[in-house]
Peer 1: 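Dropping the structure in here first, questions after.
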Amino acid sequence: MSLDTLIRLVYVVAAACFVLGLHLMNSPATARRGNQLSAVGMAGAVLGTLLLIAAGDVSATGTLIWPIIVVGIVIGGGAGAYSARTVKMTAMPQLVSIFNAMGGGAAALVAIDEFVRAAGVGPHTLGTTEVVATVLDVVIGSVTFTGSLLAAGKLQGIVTGTPVKLPFGQAFNVVLAVVALATALYLVVVGQVLAVLALLLLAALVFGVTMVLPIGGADMPVVISLLNAFTGTAVAMAGFVIDNPVLIIAGALVGASGGILTKLMADAMNRSILNIVVGGFGTGDSTVATTATTAAGGSVRELTIDDAAIQLAYAQHVIVVPGYGLAVAQAQHVTAELAGLLEERGVDVKYAIHPVAGRMPGHMNVLLAEANVPYPQLVEMDDINPEFQRADVALVLGANDVTNPAARSDPSSPIHGMPILDVDKAASIIVVKRSMRPGYAGIDNQLYSDPKTGMLFGDAKDVLTHLISAVKAL
């Protein structure tokens with residue numbers, strides 16, 4: 001078998017691993033294996049590329065190519081392994097955003113390198129197809145790079161989570177788009193000029209900032225998914241630029257799956273993707289309510305730990321509704337412990353999963369899987385909603401906007417029309433929250449003034465720990 005045949009075979013196997021890995025990620029029960037299989041595919045893709053370099057099929061100047069590759073693998077692999085092992089679940093969305101930024105930025109750099117060498121610094125030139133792919137790669141990769149870094153800053157609190165409206169912001173974005181289009185056409189039609197590429201790059205980098213800056217915290221799950229799709233598309237374009245089939249396949253898979261997920265999540269918020277990018281919905285964590293009343297003027301009813309424990313222990317059907325507050329408190333393990341204790345008493349326990357609960361797609365699934373919650377108990381919104389009317393108790397743990405009945409009843413509400421979990425239809429509702437702070441939409445939750453609702457104020461982990469002790473004492 002020739003080396004060229006071996007390399008192609010390795011790439012085919014890597015591509016197959018990507019496809020099968022993505023398929024396995026359809027279910028929480030097989031997602032871990034899918035991730036592992038995809039990692040094997042990526043290792044194979046790297047091996048194939050190293051074989052290409054060794055065979056001399058990838059042009060490189062200088063004698064330091066192998067030390068640079070080794071140093072890059074050590075630094076990149078070490079940083080990836082360290083961050084994956086040490087990141088807190090609450091910081092996982094930020095890490096995903098940073099990974100998106102690195103992917104988009106790396107793809108753009110590949111295209112820039114090819115263009116620079118083709119523009120006179122190197123020996124070869126780019127054809128029309130390669131120039132088009134280069135332009136798309138630079139634009140999409142650069143927008144992804146700055147947009148993802150800004151999204152990570154918003155999620156981390158370094159940048160305000162509230163929508164930031166720039167003066168004449170939309171007009172400025174139109175100018176950036178015109179500049180990008182004009183420079184792209186020049187590069188494709190007229191010639192390969194480095195200064196024009198630099199202007200295109202600058203316009204794309206700035207647009208990434210101006211696109212994400214006006215987007216509020218409520219839309220961050222959709223933004224992360226959208227930027228992930230951008231990353232995949234940029235990687236696919238990089239594959240076309242350097243004629244690497246495994247990059248094309250991997251990028252196309254990520255781009256397509258990210259695009260589909262973005263559409264599904266936008267539908268879950270009853271909003272269009274364009275409306276999310278332009279609308280600036282959500283106010284992040286900046287607004288704090290200081291009173292125990294709702295916007296409608298209703299008062300809330302506080303529960304004691306013992307009252308809540310009695311309701312849970314003597315219920316037949318309990319639905320747990322996790323939200324970002326659960327992640328902040330790192331309360332997934334005590335939640336699973338409480339559920340297990342209730343099941344020992346004969347209580348049927350299920351978890352209601354809203355598509356946009358938390359700060360990234362699948363945030364609650366990942367969080368509860370870490371606590372070894374059985375996958376069949378994680379029920380998606382459409383399937384769990386009919387069961388709320390049969391539930392004795394709905395236990396809401398840090399979820400806010402996704403449980404607000406205003407989405408159904410108040411046409412003036414900014415979340416009106418957004419599909420929500422029908423928590424208010426349960427016979428009794430227990431809400432665990434630190435305070436009366438609104439969710440990302442910045443509005444009060446009508447659920448809290450419902451006569452059936454009792455509030456348990458405090459850190460979710462501490463509250464659930466006391467609930468476990470109280471249930472055991474019954």
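Since this is a predicted model, take the numbers as computed values, not measurements.
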Peer 1: Within the 4.5 Å heavy-atom criterion, are Ile242 and Val110 side-chain neighbours or not?
Peer 2: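 Yes, their side chains come closer than 4.5 Å.
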Peer 1: Could you give me the CA-CA distance, side-chain angles and deciding distance for Thr144 and Asn100, then say whether side chain to side chain donor-acceptor pair (under 3.5 Å) is met?
Peer 2: CA-CA 7 Å; Thr144 304; Asn100 283 341; over 6 Å; no
Peer 1: Is the number of heavy atoms from other residues, nucleotides or ligands under 6.0 Å of Gln316 CD greater than 12?
Peer 2: no
Peer 1: Anything under 3.5 Å between a donor and an acceptor, one on a side chain of residues 364-376, the other on a protein residue two or more places apart or in another chain? List them.
Peer 2:
residue, atom, partner, partner atom, Å
Glu370, OE1, Gln332, NE2, 2.5
Tyr375, OH, Pro28, O, 3.4

Peer 1: Kindly say whether Phe145 contributes a backbone atom to a donor-acceptor pair with the side chain of Ser148 at under 3.5 angstrom?
Peer 2: no
Peer 1: So, the side chain of Ser142 versus the backbone of Val139: is there a donor-acceptor pair under 3.5 Å, distance only?
Peer 2: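 Not a single qualifying donor-acceptor pair exists.
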Peer 1: Looking at Val402, Val321, Ile430, which hits side chain to side chain contact (heavy atoms under 4.5 Å, CB included) with Val396?
Peer 2: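 When side chain to side chain contact (heavy atoms under 4.5 Å, CB included) is applied between Val396 and each of Val402, Val321, Ile430, only Val321 qualifies.
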Peer 1: To the nearest 0.5 Å, what is the distance between CG (Asn404) and CG (Leu421)?
Peer 2: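 Nearest 0.5 Å value for the CG-CG distance: 11.5 Å.
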Peer 1: Closest approach of Ala407 and Ile420, non-hydrogen atoms and distance?
Peer 2: CB-CG2, 3.5 Å
Peer 1: Which pairs would a plain distance check flag for residues 462-474, meaning a side-chain donor or acceptor within less than 3.5 Å of a matching protein atom at least two apart in sequence or in another chain?
Peer 2:
residue, atom, partner, partner atom, Å
Thr465, OG1, Lys461, O, 2.7
His466, ND1, Asp462, O, 2.8
Ser469, OG, Thr465, O, 3.3

Peer 1: Report yes if some heavy atom in the side chain of Leu227 is under 4.5 Å from a heavy atom in the side chain of Phe230; otherwise report no.
Peer 2: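 A side-chain contact under 4.5 Å exists here.
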Peer 1: Can you name the one residue among Ile69, Val74, Ile75 that meets side chain to side chain contact (heavy atoms under 4.5 Å, CB included) with Val71?
Peer 2: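 The side chain to side chain contact (heavy atoms under 4.5 Å, CB included) with Val71 is passed solely by Ile75 among Ile69, Val74, Ile75.
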Peer 1: Quick one, Val10 and Ile7 - any side-chain contact, counting heavy atoms below 4.5 Å?
Peer 2: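 Side chain of Val10 against side chain of Ile7, heavy atoms only: no contact under 4.5 Å found.
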Peer 1: Does the side chain of Glu387 come within less than 4.5 Å of Asp422's, by heavy atoms?
Peer 2: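 No, their side chains stay 4.5 Å or more apart.
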Peer 1: Short question: side chain of Thr453, backbone of Leu447 - any donor-acceptor pair under 3.5 Å?
Peer 2: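 Side chain of Thr453 to backbone of Leu447: a pair is present.
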Peer 1: Taking atom NE2 of His23 as the centre, does the number of heavy atoms from other residues, nucleotides or ligands within less than 6.0 Å exceed 12?
Peer 2: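 No, the 6.0 Å shell around NE2 holds no more than 12 heavy atoms from other groups.
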Peer 1: Has His354 got a side-chain atom pairing as donor or acceptor with Pro419's backbone, closer than 3.5 angstrom?
Peer 2: yes
Peer 1: Restricting to non-hydrogen atoms, name the atom on Ala313 and the atom on Val347 that form the minimum distance, rounded to 0.1 Å.
Peer 2: O-CG2, 4.0 Å
Peer 1: With side chains defined as the heavy atoms from C-beta onward, is the minimum distance between Leu338 and Leu395 less than 4.5 Å?
Peer 2: yes
Peer 1: Any side-chain donor paired with an acceptor under 3.5 Å for Asp410 and Ser412?
Peer 2: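 Indeed, the side chains of Asp410 and Ser412 share at least one donor-acceptor pair under 3.5 Å.
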Peer 1: Out of curiosity, Asp450 CG to Ile429 CD1, how far, rounded to the nearest 0.5 Å?
Peer 2: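 It comes to 4.5 Å.
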Peer 1: Taking atom types as modelled, find out whether Tyr351 and Thr335 have a side-chain donor-acceptor pair closer than 3.5 angstrom.
Peer 2: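 Absent: no donor and acceptor within the cut-off.
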Peer 1: Counting heavy atoms not belonging to Phe388, are there more than 12 under 6.0 Å from its CZ?
Peer 2: yes
Peer 1: With rounding to the nearest 0.5 angstrom, report the SG to CD1 distance, Cys17 to Ile249.
Peer 2: 11.5 Å
Peer 1: Take Lys452 and Asp424, measure what salt bridge (Lys or Arg N to Asp or Glu O under 4.0 Å) needs, and give me the verdict at the end.
Peer 2: CA-CA 8 Å; Lys452 297 184 295 183; Asp424 57 321; over 6 Å; no
Peer 1: Hey, does Met455 have a side-chain heavy atom less than 4.5 Å from the side chain of Tyr448?
Peer 2: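 Result yes, sub-4.5 Å side-chain heavy-atom pair found.
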Peer 1: Using side-chain heavy atoms (C-beta onward) and a distance below 4.5 Å, is Thr146 in contact with Phe207?
Peer 2: no
Peer 1: Taking all non-hydrogen atoms of both residues, which atom of Val246 and which atom of Ala14 are closest, and how far apart?
Peer 2: CG2-CB, 4.0 Å
Peer 1: Other residues, nucleotides and ligands only: do more than 12 of their heavy atoms fall within 6.0 Å of NZ on Lys263?
Peer 2: no
Peer 1: Looking at every non-hydrogen atom in both residues, tell me the closest pair between Ser409 and Pro411 and how far apart they are.
Peer 2: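 Smallest heavy-atom distance, with atoms named: O-CD, 3.3 Å.
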Peer 1: Does Arg8, at its CZ atom, have more than 12 non-hydrogen atoms belonging to other residues, nucleotides or ligands within less than 6.0 Å?
Peer 2: no
Peer 1: Are the side chains of Leu155 and Ser97 in touch, meaning some heavy atoms are under 4.5 Å apart?
Peer 2: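 When only atoms from C-beta onward are counted, Ser97 and Leu155 do touch, with a gap below 4.5 Å.
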Peer 1: Just checking Arg301: does its CZ atom have more than 12 heavy atoms from other residues, nucleotides or ligands closer to it than 6.0 angstrom?
Peer 2: yes
Peer 1: Say you draw a straight line from CE of Met237 to CD1 of Ile248; how long is it, rounded to the nearest 0.5 Å?
Peer 2: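 One gets 8.0 Å once the value is rounded to the nearest 0.5 Å.
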